[in-house]
There are 2 protein chains.
Amino acid sequence: MGTSGAKPWWRESAPAHNQLQYLELRDRIAAQIQAGVLGVGDRLPSERQLEDGLGSARGTVREALFQLEAEGLIYRRDRSGWYVCPAPILYDPTRSEGFMAYVTAQGRRPETETLSKRLVPAPDAVAGIFGVAEGTPLYDIRRLRSIDGRSVLVERIHVNPDLAPGLIDHSLDGSLTAVLKNAYGVAAARNRIAMKPCAILGDDAETLRARSGSPGLSVIRTSFDPAGRVVEYDQECWRHDAVIVSVDIRVAPPGH
Amino acid sequence: MGTSGAKPWWRESAPAHNQLQYLELRDRIAAQIQAGVLGVGDRLPSERQLEDGLGSARGTVREALFQLEAEGLIYRRDRSGWYVCPAPILYDPTRSEGFMAYVTAQGRRPETETLSKRLVPAPDAVAGIFGVAEGTPLYDIRRLRSIDGRSVLVERIHVNPDLAPGLIDHSLDGSLTAVLKNAYGVAAARNRIAMKPCAILGDDAETLRARSGSPGLSVIRTSFDPAGRVVEYDQECWRHDAVIVSVDIRVAPPGH
DNA sequence: AAGGTAAACTGGACTATACCAGATGGAATT
DNA sequence: AATTCCATCTGGTATAGTCCAGTTTACCTT
C-alpha cells in the first residue's frame, strides 16, 4: 500500500453497493473514516476534488457530505473545509459537576467564555417558569463553551436575583452551580430536564460559527431548591454531533 | 381577509428581512404556520408552485423547506408533499408507563406494530451490555410505533430469555414493560438512558418511510433489575420532530 | 524574522435544467 | 359500487454552470 505515487483513495474506482450516487459516496467516505485513513480533525478533500475524483456533480458530492454531517461523522468550518468529528462528550445533566470538570475528566480541553451577564426584565415565557410577574428583574447570563477549541454549546441562564444577589459580580467562567452553592448556599434538590433535537438559528448559529439551520440539541434544565423555588433556568443549545446525554435513574418503588 | 379571488399568500410580494433568499422564504412560510394560515397536517403549496410564486429557483425553495424541516415545523411525505408538523409528544423514559398510555394521555392516537420477534445469537456489542458471551441467545424484538397515523419511532429491544422465558409468545403490541412485570414479575430498579441526535438510516429509514439521513433522536434505555442484571436493552430511533424527552430527577443529598 | 498583501482555494448561495418513480385522483371498465 | 388503469402531480436525484465572501497560503517587503 504505497502512499507515494499511488492514486489517493478518493480517485480510486470502487464497486457500487448503492443505486444512489450520494449514498455510495457517503459510504465510501465513511469507510475511510472507519478505517482510520481519515483521522479525527483531518480535513477531507475539497468538494471540487471529490467532484472530479469521483465523477459526480458538486451538488451530489455535497449531498453525500450532508449525510455524513447528519450522522455526526464530519462537520464543516465555513469556507475552510470539511473535517472529521471528534468523539462526542458524555453529559449527565443530573450531576452537579460542571462542564469544565466533566470535559476534563474525559481527557478533553474545555473552555468557557461569558458572552454577557445582565439584569433584565423577565420576558413572558421565562417569568412563568420562575413564577414571577413579567418584567421582574432576573439575571440573564449567556455563555459559549468549547471543547478542544471547537465551539459546541451556547447557553442562556436565568437566575432569580433574590436567591443570589450580586451573582453577576462573580466570575462565571467556571461552574455556575458551584458559585451558587459556595457563595450563596443555594443547591438544587430537583432537576427537570427537557431535550429536543432542534435547528441552530440566528444568534446561536453565529456564536457557534455554524450555519443557520444546522442540527442541534436543545437541553433545558430547570433546577429547584428544596422549597420548590426555581434556582436556575438553563437553556442549552448543543451542536448535535458534540454530545451524548446520559442519565442514570433509580426507579421509585411502586405504590409509595 | 377574502380568500376568493385574492392572491394566495405565497404569491404576494413581501418586504425582505433577510439578505439570503432561502432564509427569507423560510421566515415567510414559518409566519404562515405561526399565524395559523397553515394548520397542523395541512399540505404546503408544491415546490413548483412556491418556485414561481416567489420567483426563486426550485433548489432555493427546497433549501428553505429543509430549514423548516430541521426546525421541526414541517415534514415530508415522499412524493406527496410537505406538511405542517403536529406538536411533539412528551416522553419520560424514566416512567414505566408505556407508549400507548402516555400518547393517549396527551390526546393522541398511538399504534404499535410488532415487525419481528425472534431468538437471535447476541451480536458482539449487545453481548457486552448483557454480560454474556457473544452468540448467547437473546430475544430480539423490533417494533414500529405511530402517532395519529404517522410513524414516529422504530425500536429494537433485546431481552435476556433467562429472565422472561417464552416472552416472544405474548402479544407485544402493548407495553413490554407491563408484560415483563405482570407475566414474569420482572421490573426495573434502575434505568440508564443515553440520548443522541442521529441520522435515520437504512432499514430504520425505510420502516419510518423517511429519507435516509433524516434527522432523528436515538434514545437507548438499559434497565436493570434490583440484582443489577440487564432486564431490557431498548434502542429507540425517533423522528426528530416527534418528541421532547423530559425527565424529572431528585438530586441525591450531598456527601453520603 | 516579522509583517503585509495578493492570489488561490474553499464552501455558500443561486440558477436552470432534465429525468425518474412513487403518490394521487379521475375516468373508464367491470 | 368496486376495480382497474392512466395521466398528472409531487418530491427525489443528478448535472453544469455562475458568482460571492471568507480562509488560507505563498510570496514579497521590510
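The chains referred to below are lettered A, B, ... by the order of the sequence lines, with proteins before strands, and numbering in each begins at 1. What you see below is based on every heavy atom in this structure, not just the backbone, and it leaves out hydrogens, waters and symmetry mates.
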Worksheet item: Starting at the 5' end of DNA chain D and moving along, which residue's nearest nucleotide shows up first, Asp78(A) or Gly59(A)?
Response: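 Whichever sits nearer the 5' end wins; that is Gly59(A).
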Item to complete: Using heavy atoms to find the nearest nucleotide of DNA chain D for Arg77(A) and Gln21(A) separately, return the residue whose nucleotide is more 5′.
Response: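 Comparing both residues, the 5'-ward one is Gln21(A).
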Discussion item. Mind checking if Glu63(A) touches a base, just sugar-phosphate, or nothing, with heavy atoms under 4.0 Å?
Written reply: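 Touches nothing.
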Item to complete: Pick base, sugar-phosphate or nothing for Arg211(B), based on heavy-atom distances below 4.0 Å to the nucleic acid.
Response: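 The residue Arg211(B) makes sugar-phosphate contact but no base contact.
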Round to the nearest Å and state the distance from [X] atom [atom1] to [N] atom [atom2].
{"X": "Gln19(B)", "N": "dC20(D)", "atom1": "CD", "atom2": "C1'", "answer": "13 Å"}
{"X": "Arg48(A)", "N": "dA13(C)", "atom1": "CZ", "atom2": "P", "answer": "14 Å"}
{"X": "Arg79(B)", "N": "dG22(C)", "atom1": "CZ", "atom2": "C1'", "answer": "5 Å"}
{"X": "Leu65(A)", "N": "dT13(D)", "atom1": "CG", "atom2": "C1'", "answer": "16 Å"}
{"X": "Phe66(B)", "N": "dG12(C)", "atom1": "CZ", "atom2": "P", "answer": "15 Å"}
{"X": "Leu54(A)", "N": "dA14(D)", "atom1": "CG", "atom2": "C1'", "answer": "15 Å"}
{"X": "Glu69(B)", "N": "dG12(D)", "atom1": "CD", "atom2": "P", "answer": "8 Å"}
{"X": "Arg209(A)", "N": "dG12(C)", "atom1": "CZ", "atom2": "P", "answer": "13 Å"}

Fill in: Test item: Lys196(B) side-chain N/O and Ile220(B) main-chain N/O as donor-acceptor pair under 3.5 Å
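Absent.
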Would you say a side-chain N or O of [X] is under 4.0 Å from OP1 or OP2 of [N]?
{"X": "Ser80(A)", "N": "dT10(C)", "result": "no"}
{"X": "Tyr22(B)", "N": "dA13(C)", "result": "yes"}
{"X": "Arg43(B)", "N": "dT10(D)", "result": "yes"}

Discussion item. Which nucleotide wins on minimum distance to the side chain of Leu20(B), given the candidates dG12(C), dA13(C), dT10(C)?
Written reply: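 Looking only at heavy atoms from C-beta outward on Leu20(B), the closest nucleotide is dA13(C).
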Practice prompt. Ignoring the backbone of Glu47(B), work out which of dT15(D), dG11(D), dT15(C) is nearest its side chain.
Written response: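 My answer, after comparing the listed nucleotides, is dG11(D).
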Worksheet item: Would you say the side chain of Arg62(B) and the base of dG11(D) hold a donor-acceptor pair, judged only by whether the two atoms sit under 3.5 Å apart?
Response: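 When only heavy-atom distances are counted, Arg62(B) does not reach the base of dG11(D) through any donor-acceptor pair under 3.5 Å.
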Practice prompt. Please confirm whether any donor atom in the side chain of Arg58(A) sits under 3.5 Å from an acceptor in the base of dG12(C), or the reverse.
Written response: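 Indeed, a donor on one side and an acceptor on the other fall under 3.5 Å apart.
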We want to know whether [X] and [Y] form a side-chain donor-acceptor pair, criterion being a heavy-atom distance below 3.5 angstrom.
{"X": "Ser212(A)", "Y": "Arg26(B)", "result": "yes"}
{"X": "Tyr91(A)", "Y": "Glu236(A)", "result": "yes"}
{"X": "Gln21(A)", "Y": "Ser56(A)", "result": "yes"}
{"X": "Asp173(B)", "Y": "Thr114(B)", "result": "yes"}

